[in-house]
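One-based numbering along the sequence shown. Atoms within each ligand, like the ligands themselves, are counted from 1 in listed order.
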Amino acid sequence: MNTKKSMLVWFRNNLRTEDNITLARAVEQDAPLIPLFIFDEKRDCGSASRLWLYHALKSFERELFRLGTRLIFLKGDSRIILARLASETGAKALYWDRSYEPYQKEQDQLIQKDLEGWGIRCESFNDTLLFDPAQIRTRQGTPFKVFTAFWNHCTSLPEPMLPVRAPQRLSGPAKWPQSKRLEDFGLRDKARWSNKVEAFWEPGNVDVRKNWRKFLKEKLENYSHDRDRPALEGTSRLSPYLHFGEISVRSIWHEMRQYMVQHRRAGIFREAETFLRQIVWREFAHYFLFHFPETIEHPFRKEFEKFHWKKNSALLCAWRKGKTGYPIVDAGMRELWATGWMHNRVRMIVASFLVKDLLQPWQEGAQWFLETLVDADVANNVFGWQWTAGCGADAAPYFRIFNPILQGEKFDSRGDYVRRWVPELSKLPDRFIHKPWQASPEILAKAGIRLGKDYPDPVVDHHQARNRALFNYARMKK
Ligand SMILES: Cc1cc2nc3c(=O)[nH]c(=O)nc-3n(C[C@H](O)[C@H](O)[C@H](O)COP(=O)(O)OP(=O)(O)OC[C@H]3O[C@@H](n4cnc5c(N)ncnc54)[C@H](O)[C@@H]3O)c2cc1C
């Protein structure tokens, strides 16, 4: 039992003890620590994310318990709660992991002002990103807007800080503040659709390290090819763990660098660099939201505010349910609904289809992804949607409209991915799997499909839809 003045350690997006600078710096202060998590309903996340958060917190609580301490659970407005807690515990300091999201950034400033006003020391640390976005600028002092320039800059900087070890033991205060139970947050509501995603994932950072090593050993070698093939498990599937900070991005970076040194072969070097570029895309998306917070709702390229969307709830509903009649789109949307995750290539295809073929606002798609993805992440999501819609930074040009048939034929050439998620098409021959409407009545009958009944007719004609999208784009540019 420790009678010294305690410190509050507020965990948010970094639910781990390994390479947690916030925790490591707090331990150095030699004070009893009160680890805490606040569930703020104003910052509530989507259903799949909530479920993930439940498991991440459970696992983190167990980890802290092993180190001899507890995790205090609180619910409500962080500013009010921290003020109350500081006064109740007489804490001398508050440490937290910095968040770069617009709402949290603003709130953090207010919290710091309140607590420092009462003589409580406040410090925050970057545990989420490789580099602090506030420190990175072009030579002209402006934020980077082009990925390649950002990548070149980041890779010319001194390496990110080396990971720090988890503490051996943590000491708590003589008297603990009151805590809610994790179950009181209602994150794992039994009735929710999202519970079924548990069958596909094992949240909790014990598993993630195992998966990560398996990826390095077995998948990295073919990463640049396999990462575009949705039927293969060719990517790391780290995204939800990175989002909740169950694994540290600095560890990923350094372990990959080490791997490159140990396996000095041009092939591995290339693959590893392709992977690290994805990690830096994540960095860029967070950096971008930090410097351009308005892009959370508004297009980065202002002219897109005038774009003529054709809002249509029936089309939006068909897209959400995976009933558009375009097999690769439907497979992606059904994978999302079943597992809370979707392959990156397919995210681009379904996003392009929604905003360009169906002319629905990108914000609608982003909202659905936030609700259904286990890795739902405001920065990556908004960036991905604006990139696909052509209105973001360094975005795909608007006129590059993905053709869902050609994309399917190129990246799922044998239709394995479609057959898995759209089983009603499973008996179709490969050559029609991405365009069932071109199959003859005999072939359809043999495959047991009645188009329009067992599987929908296409909700739009892609070629006409493409022309309509380009027309709307030209109209916006006038
Ligand atoms: C429309 C759209 C929406 C998206 N929404 C999200 C989201 O909400 N949350 C999310 O984490 N990612 C999002 N992404 C990015 C990407 O699809 C996922 O990060 C990736 O599919 C995760 O799979 P993985 O971990 O196996 O990736 P890997 O290929 O193994 O990559 C490793 C890590 O790099 C990062 N990464 C990879 N690709 C990207 C990218 N294009 N942009 C930013 N970071 C990337 C992720 O953290 C990922 O875990 C979105 C992409 C698009 C096109």
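Of the protein's heavy atoms, Ile279 CD1, 3.8 Å lies nearest to atom 33 (C) of ligand 1. Closest protein heavy atom to atom 42 (N) of ligand 1: Trp281 CB, 3.9 Å. Atom 10 (C) of ligand 1 has Asn380 ND2, 3.3 Å as its closest protein atom, hydrogens excluded (heavy atom only). Closest to atom 9 (N) of ligand 1 among all protein heavy atoms lies Asp375 O, 2.9 Å. Counting only heavy atoms of the protein, atom 30 (O) of ligand 1 lies nearest to Ser236 OG, 2.5 Å. The single protein non-hydrogen atom nearest to atom 8 (O) of ligand 1 is Asp377 N, 3.1 Å, given as residue, atom name and distance.
Counted by atom type alone, Glu364 and Trp309 present zero donor-acceptor pairs between their side chains at under 3.5 Å. Side-chain contact check for Asp330 and Thr324: at least one donor-acceptor pair (N or O, by modelled atom type) lies under 3.5 Å. Using modelled atom types and a 3.5 Å distance limit, the side chains of Asn211 and Arg209 yield no donor-acceptor pair. For the residue pair Gln278 / Arg227, a side-chain donor-acceptor distance below 3.5 Å is found, with atom types taken as modelled. Between the side chains of Ser239 and Asp377, no donor N or O sits under 3.5 Å from an acceptor N or O. In summary, the side chains of Glu123 and Trp96 do not present any donor paired with an acceptor at a separation below 3.5 Å, with no hydrogens or angles considered. Using a 3.5 Å distance cut-off with no hydrogens or angles, the side chains of His55 and Glu202 do not pair a donor with an acceptor. With hydrogens and angles left out, the side-chain atoms of Glu305 and His298 include a donor and acceptor closer than 3.5 Å. Side chain to side chain, Ser124 and Arg98 meet the donor-acceptor criterion of an N or O pair below 3.5 Å.
Under a 4.0 Å criterion applied to the non-hydrogen atoms of Leu242, ligand 1 contributes the atoms 47 (O), 49 (O). With ligand atoms numbered from 1 in the order given, ligand 1 contributes 25 (O), 49 (O) to contacts under 4.0 Å with heavy atoms of Leu238. Near Gly384, the atoms of ligand 1 lying under 4.0 angstrom from a non-hydrogen atom of the residue are 1 (C), 2 (C), 52 (C). Those atoms of ligand 1 that come under 4.0 Å of a heavy atom in Ala376, given as number and element, are 8 (O).
Nearest residue to atom 22 (C) of ligand 1 from Ser239, Gly234, Ser49 is Ser239 (criterion: closest heavy atom). Remark: among candidates Asp226, Thr388, Asn381, Asp228, the nearest residue to atom 5 (N) of ligand 1 is Asn381, based on non-hydrogen atoms. The heavy atom nearest to atom 13 (C) of ligand 1, considering only Gln386, Gln278, Arg347, Arg227, is found in Arg347. Among Trp341, Phe369, Phe275, the residue whose heavy atom sits closest to atom 32 (C) of ligand 1 is Phe275.
For Tyr223, every heavy-atom contact with ligand 1 shorter than 4.0 Å involves the side chain, none the backbone. Contact annotation: for Leu373 versus ligand 1, heavy atoms closer than 4.0 Å belong to the side chain alone.
Atom CD of Gln407 sits about 4.5 Å away from atom CD1 of Ile349, to the nearest 0.5 Å. With values rounded to the nearest 0.5 angstrom, Asn467 atom CG is found 9.0 Å from His462 atom NE2.
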Go through His243 and Asn13 one step at a time and tell me if the side chain to side chain donor-acceptor pair (under 3.5 Å) criterion holds.
CA-CA 7 Å; His243 173 73; Asn13 301 326; 5.6 Å; no
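Heavy-atom separations between Met348 and ligand 1 include at least one value shorter than 4.0 Å. In this structure, Phe215 does not count as a contact residue of ligand 1, since none of its heavy atoms falls inside 4.0 Å of the ligand. Residue contact annotation: Arg237 has a non-hydrogen atom under 4.0 Å from ligand 1.
The shortest N/O to N/O separation between Asn344 and ligand 1 falls below 3.5 Å.
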